[in-house]
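Reviewing the structure listed below.
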Amino acid sequence: YKGMLPALEQYFPEFADLFERIASPQIRNMGTIGGNVANASPIGDLPPILLALDARIHIRHCDVNNDEIIPLSEFFLDYKKTKLRAGSYVVSLHVPMMKENQYLYFHKISKRYEDDISAYLLAARIDLSADGATIQDAKFGLGGMAAIPLLAEKCQQALIRQSVDVASFEQAAQMLS
């Protein structure tokens with residue numbers, strides 16, 4: 001955690017701000033991002049964030065000496081089930097750098113403000129046009145909404161090519177059911 005925080009502050013400042021609300025200090029200092037993702041909890045804090053950031057996961061399958069790098073959105077199969085199999089492990093997670101006109105937002109609900117697992121977590125990445133008036137792309141990573149962390153694909157699609165105003169987001173929110 002302490003070693004990762006300077007990089008988060010430089011490249012993903014919104015993520016760094018949220019990091020104090022993820023787990024307890026002991027877990028933040030001893031746990032790993034790969035472990036948090038591989039655990040496949042539907043209410044884990046990191047998977048929705050990594051989904052919104054278009055992360056890819058690098059898996060090593062030791063039984064066949066084969067590596068696989070896939071979008072994180074393909075990793076979660078069912079409740080606590082992933083693409084990992086006996087002898088497989090997470091090698092790394094690849095997270096693209098944010099580009100100009102990309103914005104990242106988080107909303108976490110938990111029983112205690114800090115030091116608690118999410119009841120719900122929304123991670124939203126919004127990509128705007130050069131003039132800032134139109135949404136070019138959107139990624140909404142959700143935790144606590146289903147058996148697996150997932151992307152709100154219909155909601156994302158509803159925002160593409162829409163103007164940046166409250167009505168666009170209200171209309172897209174109707175797709176969350």
Side-chain angles (χ1 to χ4, degrees), residues 1 4 8 12 14-15 18-24 27-28 30-64 66-96 98 102-127 135 137-160 169 172-177:
Y1 158 71
M4 194 171 102
L8 286 179
F12 302 96
E14 300 85 356
F15 191 179
L18 179 72
F19 219 74
E20 290 293 328
R21 294 195 57 206
I22 295 175
S24 65
I27 291 172
R28 283 195 304 267
M30 294 299 295
T32 65
I33 292 175
N36 185 270
V37 172
N39 180 45
S41 171
I43 55 173
D45 287 319
L46 298 180
I49 298 166
L50 295 169
L51 286 166
L53 289 170
D54 275 335
R56 299 176 64 77
I57 189 166
H58 181 169
I59 305 167
R60 178 151 300 145
H61 301 293
C62 294
D63 57 341
V64 292
N66 186 27
D67 284 15
E68 185 177 15
I69 299 174
I70 58 171
L72 186 60
S73 59
E74 296 175 13
F75 178 71
F76 304 105
L77 302 176
D78 201 352
Y79 179 74
K80 300 290 262 177
K81 292 186 181 188
T82 67
K83 291 260 185 158
L84 293 175
R85 54 185 185 253
S88 299
Y89 62 93
V90 175
V91 175
S92 61
L93 286 141
H94 304 257
V95 182
M98 297 283 289
Q102 284 187 324
Y103 300 90
L104 195 57
Y105 304 95
F106 303 107
H107 184 69
K108 176 178 174 169
I109 296 174
S110 56
K111 288 183 181 180
R112 295 172 290 177
Y113 183 79
E114 293 178 350
D115 200 25
D116 205 356
I117 196 160
S118 297
Y120 164 81
L121 193 141
L122 162 71
R125 193 198 80 220
I126 306 292
D127 303 1
I135 299 166
D137 196 10
K139 295 286 181 179
F140 294 128
L142 303 174
M145 299 290 289
I148 62 172
L150 50 80
L151 289 168
E153 293 177 4
K154 290 180 183 176
C155 183
Q156 295 168 177
Q157 288 300 315
L159 280 172
I160 294 174
F169 287 93
Q174 299 302 312
M175 306 308 259
L176 285 174
S177 61

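Residue pairs satisfying the side-chain hydrogen bond (donor to acceptor under 3.5 Å, both in side chains) criterion with at least one member in residues 138-159, sequence neighbours excluded, are absent. Sequence neighbours left out, not one pair with a member in residues 31-40 passes salt bridge (charged side-chain N to carboxylate O under 4.0 Å, His left out). A side-chain hydrogen bond (donor to acceptor under 3.5 Å, both in side chains) check over residues 84-96, counting only residues at least two apart or in different chains, returns the pairs Arg60-Tyr89, His61-Ser88, Asp63-Arg85, Ser92-His94.
Looking only at distances, no side-chain donor or acceptor of Lys108 sits under 3.5 Å from a matching main-chain atom of Leu122.
Rounding to the nearest 0.5 Å places CD of Glu14 at 10.5 Å from CG of Leu8. The line from CD1 of Ile148 to OH of Tyr79 is 12.5 Å long, rounded to the nearest 0.5 Å. Note that CG of Leu46 is 6.0 Å distant from CD1 of Ile33, once rounded to the nearest 0.5 Å. Atom CG of Asp137 and atom CD1 of Ile160 lie 5.0 Å apart (nearest 0.5 Å). Here the straight-line distance linking atom SG of Cys62 with atom CG of Asp67 works out to 8.5 Å at 0.5 Å rounding. Atom CD of residue Glu74 and atom CZ of residue Arg56 lie 7.5 Å apart, to the nearest 0.5 angstrom.
Annotation: side chain to side chain donor-acceptor pair (under 3.5 Å) contacts of Lys83 (sequence neighbours excluded): none. In terms of the side chain to side chain contact (heavy atoms under 4.5 Å, CB included) criterion, residue partners of Thr82 (sequence neighbours excluded) are, by chain and number, Ala40, Phe75, Phe76, Leu84. Looking at residues two or more places apart in sequence or on another chain, you find a salt bridge (Lys or Arg N to Asp or Glu O under 4.0 Å) between Asp127 and Arg125. The side chain to side chain contact (heavy atoms under 4.5 Å, CB included) test applied to Ala146 returns Leu150, not counting sequence neighbours. Residues satisfying the ring pair (Phe, Tyr, Trp, His ring centres under 6.0 Å) criterion with Phe15, sequence neighbours excluded, are Phe19.
Looking at heavy atoms from C-beta onward, Ile69 lies out of side-chain contact with Val91 at the 4.5 angstrom threshold. The shortest side-chain heavy-atom distance between Phe12 and Ile49 does not fall under the 4.5 Å cut-off.
The heavy-atom pair separating Ala172 from Leu159 by the smallest distance is CB-CG, 3.6 Å. Heavy-atom minimum distance, Pro96 versus Leu53: CD-O, 3.2 Å. Closest approach of Asn36 to Pro47, counting heavy atoms only: OD1-CD, 3.2 Å. Pro48 and Ala123 make their closest contact through O-CB, 3.4 Å (heavy atoms, listed as atom of the first residue, atom of the second, distance). In plain terms, the two heavy atoms of Asp78 and Ala147 that are nearest each other are OD1-CB, 4.3 Å. Pro149 and Pro42 make their closest contact through CD-CA, 4.1 Å (heavy atoms, listed as atom of the first residue, atom of the second, distance).
Checked against Val95 for a side-chain contact (heavy atoms from CB on, under 4.5 Å), the options Leu50, Leu72, Asp54 give a single hit: Leu50.
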Show your working on side chain to side chain contact (heavy atoms under 4.5 Å, CB included) between Ile70 and His58 and close with a plain yes or no.
CA-CA 7 Å; Ile70 58 171; His58 181 169; over 6 Å; no

List the steps, then state whether side chain to side chain contact (heavy atoms under 4.5 Å, CB included) holds for Asp45 with Phe106.
CA-CA 11 Å; Asp45 287 319; Phe106 303 107; over 6 Å; no

